[in-house]
Amino acid sequence: MKKIVLKLWLFLWIAGLLVACGGGETDSADTDSSESADTSSETADSSDAEASSSDEPVVLRVGWAGSPDTLNPGTAVLTEAYTIFEVVYDSMYQLELDGTYSLELADSLDVSEDGLVYTYHIRDGITFHDGEPLTAEDVAFSYNLYASQEDFPFLPVYTEFFDTVEADDGNNLIITLTDAIPNIQSQLIYLYVLPEHIWGGLEGAAVAEFENEAMIGSGPFKMVEYAQNEFVRLEGVKDHYLQGPTIDEVVFQTFENQDALVQALRTGQVDMITEMPNTAVVSLRNEENIELVSGPPLAPSVTDIIFNQTAPENCPPDDGLCTGHPALQDRNVRLALAHATDKQQIIDVVLLGLGAPGLTLIPDSLGVFYNDSLEDYAYDSTLANQILDDAGYLDSDGDGIREMPDGSNPLNLRMNWPSDSTNAPRMAELLAGMWGEIGVGTQLQALDPDALTATCCPTFDFDVILWGWGSDPDPNFLLSVMLTDEIPTGNSETGYSNPTYDALYLQQAVELDQQARIDTIWEMQRIVHEDVVYIIPFYEQSVQAFRTDRFTGWQTDAGKIALEDPSSLLVVEPVR
Amino acid sequence: MRQSRYLLKKIGWALLTVLIVILLNFFLFRILPGDPARAGIRDPRLTQDAVAAIRERFGLDKPVINCFESLNPVKFGSCGVNPLDTQLFIYVGNLLQGELGISYHTNRPVLDMLKEQLWNTVLLIGAAQILAIFFGMGLGILAAWRARTTIDYTALLASLTFWSLPTFWLGIILLFWGSNQFGLPTGGKATPGGNFATVWQEWADVGRHLLLPTLTYTIVFLGEYMLIMRSTLLDVLSEDYILTAKAKGLRTVQILKDHALQNAMLPMVTIIALNLGFTVAGAIQIETVFSWPGLGGAIFEAVGRKDYPMLQGAFLLIAVSVIFANLIADLLYSYLDPRVQAG
């Protein structure tokens, strides 16, 4: 027996050797590949046929670098999950690309005089994907579920102003608020409506642990197949009560490697990609049959250069260390640093040109709330030097670094950033060079995000941090970050305190007149820009690309770039 | 009798090692800095209350073990707590019932996730290992037999080059080459939503996706097997009994088969067993380059998100496989070389 086995092994080896000697390995690979090349041309042929023949489904293939973390809207964290929720579920409002809201589930709305009671009339005849009707009861159930589940990370926050949510017999949803708020739309857009007949049976921890693989919603696409970290396959709901998609199916495929993602678009494996490394942009721009689009992203985000300007009297008594360099409490120093910062160079080097110069913490992707009338501090190192000279910060010992006006404490700033950031290291080096030219020294160090949080706020144990925020479509949260009241909570990163600003914040938070609120918010941005609370180096852009020979109808000039948004997915159709 | 004692001793040691691994796994991840309930999310919408509720749901509000609330940062706590109500005992208790816990990141049972990924990884790495062993050993035998000839030098140079190639680089190059030249897919395990008429077409589709990653892995690992096979066989071939065999007029194949190979197999068995054990760990780089939904990629992601249950589960699986593969190697040793057992 033993001999037979050995003989067999030897035979196999020798056979292998013969193949290998004759360059057989490559040959065999070639053979395999050419076979599969045949198969692939067959597939390509058949997909062409798909587009032309009417009985084959029209499938749109989207490539992205991420994957939903979970299909449970309560516990999801990643943007990719929200992209899927956006097309599979409905909510009370739809956020349009131009930043406005339109009613989705309801056809009309009544607001009480005092702004506390909202009555939404839910459209009749809406059904879930499993055929069950969607009524005001389901909406009330969903909102109350989000309000009561403490272990949902994000959604309960949007229900904080809800006093009661009820459905009446006439298919109306009545929300009673604790305070009149100006932005109920942005509170409701992420509160996806779930079927009570499915979720109603879950209790306690089971709600958060529910995998929701069937994902019964009422949106324009329904879940067909989901493989985590591989793909999400959705089928169009042609008879959707608002607008059904033209295409039959959309598949979101995950590519963990961004170069492979770009290559998938080049070779036609996918029809559109939602992201790409900036390095791929130049080569894709010249590619035949591919169109590249860029602009403000749908989900607002902002990168900031944070100055620790906490005054001693504002230092949080419990957690605060407040070791920031005293010079940073002086507006002149912050102003000089702003003039010494060449934002365009940062954009060119860090983002390869794909960004817009930033102004304040409220980014351009917040649409009407973004104050674009402000004039930025021009890059001018001579002026910056002059400002510091005039303010008395001189280099008295001739070591190239200025000191405080009393000659103490050289302007050596600690600069930190989260170690998971790809942009920050390059930006830090550029800033070190630019600020060095005006006699301000820097000590650069990346920190683990958790360690950085511990150094940041509310301990204020730093000088400068390079970080950023993601935001809702409403600016309320980003504006709150600069409040005096937020210094001890950890949300304020700068320790900035200005009573006028604080008063304006409270004013906009209850201002029900949209234009008046916008005016107040613009004024608040003017104040923080004047006070140089932050330097905002840039607003990042969303860069996406699609094949022009596959589908047409992509929404590319509607203000923001989000080809994966329903605004595009509902209207794209195959190229004939 | 002696054989069963040898067997029992080896199995006993293996079980003890698994136990130590379980404890090490548990503490290893808790020594890492950071709060898994936040897992690097710096989102304004994540409130303190939500963090507290999440910690409670995952049992992170309980002390790690008596006297220690947490290990990083080190926070001492009461030593008088009920030991059964600490994270360590809850973990071990669940493990004994076959429960690996719920992933913090995906909220799914770790066991389900591991099962899906394990199959994908075994498919990819298994196929590639078999090819690498086959061609690597073949080349090694050929090079040793034809030592100091052009064949030997070519094979040696090729193997050294392959072995020292950075895996991700080779992967990317093959990815671009294969997708441009032959239209091979650039990622994934199968065409999502592909309408296949027969199961054969479906398998052909998986095969097409498998081709490039397998080729990458085979090329990289082939070198290792070739070099070890060649050097051990060269040692054996310089022995006097091989000269005797040649003098007796035996044919090449007979000498290799009956006299040289079995003796040269010991180091190969070790390396194959070790590599097969690590097969379940996947190949992080290859799985990432080709977006292959296997264990390697999952571990990489879990590290970033401080997903303790997933990491503990995956590391346990890897440890058990390596220990099991070593056990098999030990048993094979005693078959290939009876002196091992006697010693």
Side-chain angles (χ1 to χ4, degrees), chain A residues 6-7 10 12-14 16-17 20-21 25 29 32-34 36-37 39-41 43-44 59 69-70 72 75 77 150-154 156-157 205 208-209 211 224-225 227-231 233 249 251 253-257 259-260 263-264 267 269 420 448-451 453 469-470 477 491, chain B residues 33-35 38 40-47 49-50 53-54 56-57 102 105-108 113 116 134-135 137-139 141-142 151 172 175-176 178-189 191-193 204 207-208 211 215 253 256-257 261-262 287-291 293 297-298 304:
Chain A
L6 265 179
K7 267 184 190 162
L10 204 67
L12 284 173
W13 280 331
I14 289 168
L17 277 190
C21 281
E25 204 201 337
D32 286 358
S33 318
S34 53
S36 22
T39 340
S40 79
S41 55
T43 335
V59 183
D69 44 350
T70 163
N72 182 331
T75 48
V77 171
E150 282 183 349
D151 55 356
F152 280 1
F154 299 150
V157 177
E209 281 168 21
E211 291 187 28
V224 183
E225 201 181 355
Q228 190 158 39
N229 287 333
E230 291 181 62
F231 63 88
R233 187 174 155 213
E249 268 189 27
V251 174
Q253 192 181 352
T254 302
F255 292 82
E256 285 166 55
N257 162 13
D259 293 315
Q263 183 68 4
T267 55
Q269 207 183 132
D420 58 356
D448 175 84
D450 289 308
T453 308
W469 288 104
F477 178 80
N491 275 339
Chain B
D35 182 352
R38 286 185 169 276
I41 309 162
R42 183 165 177 264
D43 192 299
R45 294 176 294 173
L46 190 64
T47 61
D49 290 349
I54 292 168
E56 192 186 325
R57 173 150 66 88
I102 305 280
H105 175 52
T106 65
N107 281 295
R108 294 178 60 208
M113 291 168 65
E116 287 168 20
F134 180 76
F135 286 108
M137 286 177 72
L139 266 184
I141 295 170
L142 183 74
I151 295 178
I172 293 264
L175 186 151
F176 277 84
S179 60
N180 280 335
Q181 294 291 316
F182 306 105
L184 289 174
T186 65
K189 190 186 71 179
T191 307
R208 262 167 28 86
L211 205 65
L215 186 63
V253 174
L256 272 180
K257 177 184 78 146
L261 269 180
Q262 196 171 353
E287 289 185 4
T288 309
V289 167
F290 292 97
S291 313

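What you are looking at is a predicted structure, and each value in this text was computed from that prediction instead of being measured. Throughout, protein chains are lettered first and strands after them, A, B, ... in sequence-line order, and every chain is numbered starting at 1.
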Tell me, please, which residues at least two apart from B/Glu116 pass salt bridge (Lys or Arg N to Asp or Glu O under 4.0 Å). B/Arg108

Between A/Arg233 and B/Pro192, is any pair of side-chain heavy atoms under 4.5 Å apart? no

Just verifying a value: how many Å separate A/Phe231 CZ and B/Lys189 NZ, rounded to the nearest 0.5 Å? 8.0 Å

Could you tell me the separation between the OG1 atom of A/Thr267 and the CD atom of B/Gln181, rounded to the nearest 0.5 Å? 12.5 Å

Residue part contacting chain B, namely of A/Ala451, when any heavy atom lies under 4.5 Å: neither

Does atom CD of A/Glu150 have more than 12 heavy-atom neighbours, drawn from other residues, nucleotides or ligands, at distances under 6.0 Å? no

Measuring from B/Ile102:CD1 to A/Glu211:CD, what's the distance to the nearest 0.5 Å? 8.0 Å

dist A/Asn257:CG -> B/Thr186:OG1 (nearest 0.5 Å) comes out at 8.0 Å

Before you tell me yes or no, could you show the steps for A/Gln263 and B/Asn180 under side chain to side chain contact (heavy atoms under 4.5 Å, CB included), namely the whole-Å CA-CA distance, both residues' side-chain angles and the distance that decides it to 0.1 Å? CA-CA 9 Å; A/Gln263 183 68 4; B/Asn180 280 335; 2.9 Å; yes

Show the numbers, then the answer: is there a side chain to side chain contact (heavy atoms under 4.5 Å, CB included) between B/Asn107 and A/Asn72? CA-CA 9 Å; B/Asn107 281 295; A/Asn72 182 331; over 6 Å; no

Rounded to the nearest 0.5 Å, what's the gap from CD on B/Glu287 to CD on A/Glu256? Could you check? 8.0 Å

Please state whether the side chain, the backbone, both or neither of A/Thr254 comes within less than 4.5 Å of a heavy atom of chain B. backbone

If the condition is side chain to side chain donor-acceptor pair (under 3.5 Å), which residues does A/Asn229 pass it with, not counting sequence neighbours? none

Examine whether an atom of B/Phe290 lies under 4.5 Å from a heavy atom of chain A, and if so say whether it belongs to the side chain, the backbone or both; otherwise answer neither. neither

From CD (A/Gln253) to OG (B/Ser291), nearest 0.5 Å: 7.5 Å

